[in-house]
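A quick note: this is a predicted structure, and the numbers were derived from the prediction, not measured.
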Amino acid sequence: MEDLTIGEAARRAGLQPSTLRYYEQVGLLPVPKRVGGRRRYDYDVVQRLGAIKVAQRAGFTLAEIALLLQGFATDTPLSARWHVLARQKLREIDALLAHVQEMKRLLEAGLECQCARLDECELCSHNDA
């Protein structure tokens, strides 16, 4: 089977060719071989790009995705890698959700405020920071 051009690999993955070049630059994709000066990708790059997209949708940063793809011993199964990083990301999301709930509570309390001045405002005089 013939290798993929950068355009074909990008199209199959639903990305722009510039994204593939960037992923190469930051180490998410291996540097492809070149034929006549043009990049030629193995077909497995499409699966790797799919995994990157799923990880991004799950909220992982590019650094975390790099860790997922190449930050473990080569014999570590993908599922074990995912479990480690997903547990960590879930803790972050739980903290973010708690922060968002507090923001919502403050906004809703502010909607009930009828104060004309700051020195009258009970909401503003309670500094929980």
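Residues meeting the side chain to side chain donor-acceptor pair (under 3.5 Å) test with K33, sequence neighbours left out: D3. Every residue meeting the side-chain contact (heavy atoms from CB on, under 4.5 Å) condition with T5, not counting sequence neighbours, appears here in chain and number order: E8, R40. For Y22, the side-chain contact (heavy atoms from CB on, under 4.5 Å) test picks out Q25, V26, L62, with sequence neighbours left out. The ring-ring contact (aromatic ring centres under 6.0 Å, His included) check on F60 picks up W82, with sequence neighbours excluded. Taking the side-chain contact (heavy atoms from CB on, under 4.5 Å) definition, one finds that R34 meets it with R39, sequence neighbours left out. Applying the side-chain contact (heavy atoms from CB on, under 4.5 Å) criterion to A10, with sequence neighbours excluded, gives P17, L20.
Once rounded to the nearest 0.5 Å, the distance linking CD1 of I52 with CG of L28 reads 4.5 Å. Between the CD1 atom in I65 and the NZ atom in K53 there is a gap of 12.0 Å [rounded to 0.5 Å].
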Can I get a per-line list of side-chain donor-acceptor pairs under 3.5 Å for residues 72-80, giving both atom names and the distance, sequence neighbours left out?
| residue | atom | partner | partner atom | Å |
| --- | --- | --- | --- | --- |
| T76 | OG1 | A73 | O | 3.1 |

Would you mind writing out the side-chain donor-acceptor pairs for residues 111-118 within the sub-3.5 Å range, not counting sequence neighbours?
| residue | atom | partner | partner atom | Å |
| --- | --- | --- | --- | --- |
| R117 | NE | D119 | OD1 | 3.0 |
| R117 | NH2 | D119 | OD1 | 3.3 |
| R117 | NH2 | D119 | OD2 | 3.2 |

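Across every non-hydrogen atom of A9 and V45, the tightest pair is CB-CG1, 4.0 Å. Nearest heavy-atom pair, L4 versus R12, reported as atom, atom and distance to 0.1 Å: CD2-NE, 3.8 Å. Here the closest non-hydrogen pair linking L68 and A55 is CD2-CB, 4.3 Å.
Pairs engaging residues 99-118 under the ring-ring contact (aromatic ring centres under 6.0 Å, His included) rule: none recorded [sequence neighbours left out]. Counting only residues at least two apart or on different chains, the side-chain hydrogen bond (donor to acceptor under 3.5 Å, both in side chains) pairs with a member in residues 60-70 are R48-Q70, T61-E64, E64-K89.
When hydrophobic side chains of Ile, Leu, Val, Met, Phe, Trp and Tyr are connected at separations under 4.5 Å, L97 ends up clustered with I93.
Residues R105 and E102 are paired through a salt bridge, judged by an N-O separation under 4.0 Å between the basic side chain and the carboxylate.
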